[in-house]
Amino acid sequence: MNQVEFEYLSALVQNKSGIVLSEDKAYLLTSRLNPVATQHGFASIDEMVGAMKSGRANARIEEEIVDAMTTNESYFFRDRKPFDGFEQDILPYFVQARSSDRKLRIWCAAASSGQEPYSLAILLKEAAHKLAGWRTDILGTDISSEILEKARAGLYSQFEVQRGMPIQLLAKYFDKRGEMWQIDSAIRAMVEYRRFNLLDRMVGLGVFDIVFCRNVLIYFDRETKADILSRISEQMSGDGVLVLGAAETVIGISTVFE
């Protein structure tokens with residue numbers, strides 16, 4: 001893949017998803033897009049780009065390219081501290097603060113293959129004695145349609161469940177399906193999945209008490225980060241809580257959060 005093709009594809013990915021790919025990520029484009037080119041019958045990425053430029057490529061190919069370039073690394077209770085904070089501080093606060101209407105809405109803004117929203121659903125289930133009579137909604141969104149199908153199925157390999165899922169919770173909330181593990185249908189029913197691009201208008205999503213937007217802002221430039229954070233804040237209750245990834249911050253980017 002030459003420089004012209006790289007610039008074309010990186011511009012496409014940034015325009016469609018906001019993800020910025022520097023030139024040192026050319027290897028990533030090559031490794032992830034070769035299978036896309038092959039699947040569509042092209043001998044190379046260069047040939048695929050040529051077909052796209054001339055309008056001969058399948059209309060879905062742009063979405064498949066963005067899907068392929070979206071980082072879908074995820075595991076249960078990732079980085080543990082945010083989930084400890086949710087269990088020990090955030091949830092107890094809202095149990096008290098929402099004691100009259102007994103409603104709690106959570107948005108996982110980069111849900112990937114479902115491990116984060118399902119981890120939160122399990123914590124809510126574990127706290128069921130405190131939430132009797134409550135309505136709890138978890139929305140998981142991601143730009144990748146393919147990864148959301150995996151999330152909805154809730155079907156994970158032995159390797160995937162070993163990454164972060166405590167053995168007692170695995171035994172309690174998963175069923176063995178051959179070589180795979182499927183999360184309990186009651187937990188799956190607690191999460192709604194929807195394809196959503198963080199560059200799009202968010203008003204249709206509703207208002208949330210808690211937003212997990214972790215390990216996704218790092219892929220955007222500063223201007224895009226500020227725009228996304230501003231629009232997320234407009235979808236949050238006045239006392240809402242935003243949870244970011246360990247390498248992410250609002251400092252120097254947004255002043256709408258405390």
Side-chain angles (χ1 to χ4, degrees), residues 73-142 151 154 156 160-170 172-174 183-184 186-194 196 198 202 205-218 228-229 232-233 235-251 254 256-258:
E73 170 76 358
S74 185
Y75 50 92
F76 292 102
F77 299 101
R78 183 177 182 178
D79 303 329
R80 192 67 218 195
K81 279 188 178 180
F83 298 96
D84 289 342
F86 176 82
E87 192 173 25
Q88 296 164 14
D89 301 309
I90 299 172
L91 187 57
Y93 166 78
F94 282 109
V95 167
Q96 184 174 356
R98 301 291 187 271
S99 59
S100 56
D101 57 9
R102 297 191 174 192
K103 293 179 183 177
L104 187 66
R105 293 200 77 217
I106 303 170
W107 177 22
C108 293
S112 189
S113 44
Q115 286 94 324
E116 180 178 86
Y118 286 140
S119 295
L120 292 172
I122 286 172
L123 292 180
L124 290 177
K125 184 66 77 173
E126 289 288 288
H129 59 288
K130 301 176 184 176
L131 298 169
W134 280 62
R135 174 176 174 175
T136 57
D137 296 323
I138 303 174
L139 175 66
T141 66
D142 201 275
Y156 301 98
E160 288 172 313
V161 296
Q162 283 177 333
R163 299 184 75 191
M165 179 59 64
I167 187 66
Q168 70 273 19
L169 296 181
L170 176 65
K172 190 172 182 179
Y173 293 113
F174 286 76
I183 200 158
D184 184 84
I187 300 296
R188 277 183 282 143
M190 294 174 67
V191 184
E192 175 196 354
Y193 289 103
R194 193 185 307 177
F196 183 75
L198 287 174
M202 300 177 179
L205 300 177
V207 177
F208 299 92
D209 303 295
I210 305 165
V211 176
F212 273 63
C213 185
R214 304 173 62 227
N215 307 307
V216 63
L217 293 180
I218 53 175
I228 290 172
L229 286 168
I232 285 177
S233 73
Q235 302 308 126
M236 298 179 68
S237 56
D239 59 348
V241 175
L242 172 67
V243 182
L244 298 176
E248 296 164 329
T249 182
V250 299
I251 298 172
S254 173
V256 297
F257 294 95
E258 296 179 357

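What you see below is based on every heavy atom in this structure, not just the backbone, and it leaves out hydrogens, waters and symmetry mates.
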Which side-chain N or O atoms in residues 120-132 pair as donor and acceptor under 3.5 Å with protein atoms at least two apart or in another chain?
residue, atom, partner, partner atom, Å
Glu126, OE2, Lys172, NZ, 2.8
Glu126, OE2, Tyr173, OH, 2.5

Please report the interatomic distance [atom1]([X]) to [atom2]([Y]), rounded to the nearest 0.5 Å.
| X | Y | atom1 | atom2 | result |
| --- | --- | --- | --- | --- |
| Gln162 | Leu170 | CD | CG | 9.0 Å |
| Ile210 | Ile106 | CD1 | CD1 | 4.5 Å |
| Gln115 | Glu160 | CD | CD | 6.0 Å |
| Ser119 | Ile138 | OG | CD1 | 9.5 Å |
| Cys213 | Leu229 | SG | CG | 7.0 Å |

* Determine yes or no for a side-chain-to-main-chain donor-acceptor pair under 3.5 angstrom, with Asn215 supplying the side chain and Gly245 the backbone. =>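 No, because the side chain of Asn215 does not come within donor-acceptor range (under 3.5 Å) of the backbone of Gly245.
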* Asked: Between Gln235 and Phe208, is there a donor-acceptor pair closer than 3.5 Å when you use the side chain of the first and the backbone of the second?
  ->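 Here the side-chain-to-backbone pair does not exist.
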For [X], what residues pass the ring pair (Phe, Tyr, Trp, His ring centres under 6.0 Å) criterion, not counting sequence neighbours?
| X | answer |
| --- | --- |
| Phe77 | Phe83 |
| Phe174 | Phe76 |
| Tyr193 | Tyr118 |

* Asked: Of Leu244, Asp142, Ile228, Leu198, which meets side-chain contact (heavy atoms from CB on, under 4.5 Å) against Val216?
  ->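 Filter result, single survivor: Leu198.
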Search all heavy atoms of [X] against all heavy atoms of [Y] and return the closest pair with its distance.
| X | Y | value |
| --- | --- | --- |
| Val191 | Pro117 | CG1-CB, 3.8 Å |
| Trp107 | Ile232 | CZ3-CG1, 4.1 Å |
| Val207 | Ser237 | CG1-N, 3.6 Å |
| Ile218 | Ala247 | CG2-O, 4.0 Å |
| Pro92 | Gln88 | CG-O, 3.3 Å |
| Glu248 | Leu217 | OE2-N, 2.9 Å |

* Quick one: do Tyr93 and Val241 satisfy side-chain contact (heavy atoms from CB on, under 4.5 Å)? Show the steps, please. => CA-CA 10 Å; Tyr93 166 78; Val241 175; 5.5 Å; no
* To do: Please lay out, stage by stage, how Lys103 and Asp137 fare under the test side-chain contact (heavy atoms from CB on, under 4.5 Å).
  => CA-CA 8 Å; Lys103 293 179 183 177; Asp137 296 323; over 6 Å; no
* Could you give all pairs that pass the salt bridge (charged side-chain N to carboxylate O under 4.0 Å, His left out) test and reach residues 208-218, with sequence neighbours left out? ->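 For residues 208-218, and leaving out neighbouring residues, the salt bridge (charged side-chain N to carboxylate O under 4.0 Å, His left out) pairs sorted by first residue read Asp79-Arg214, Arg98-Asp209, Glu116-Arg214.
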* Between Ile90 and Val243, is any pair of side-chain heavy atoms under 4.5 Å apart? ->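 Result yes, sub-4.5 Å side-chain heavy-atom pair found.
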* So does Gln168 have more than 12 non-hydrogen atoms from other groups sitting under 6.0 Å from CD? ->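 Enclosed: over 12 neighbouring heavy atoms sit under 6.0 Å from CD of Gln168.
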* side-chain contact (heavy atoms from CB on, under 4.5 Å) involving Glu192 - partner list, sequence neighbours excluded ->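 Per chain and number, Glu192 pairs via side-chain contact (heavy atoms from CB on, under 4.5 Å) with Leu139, Arg194.
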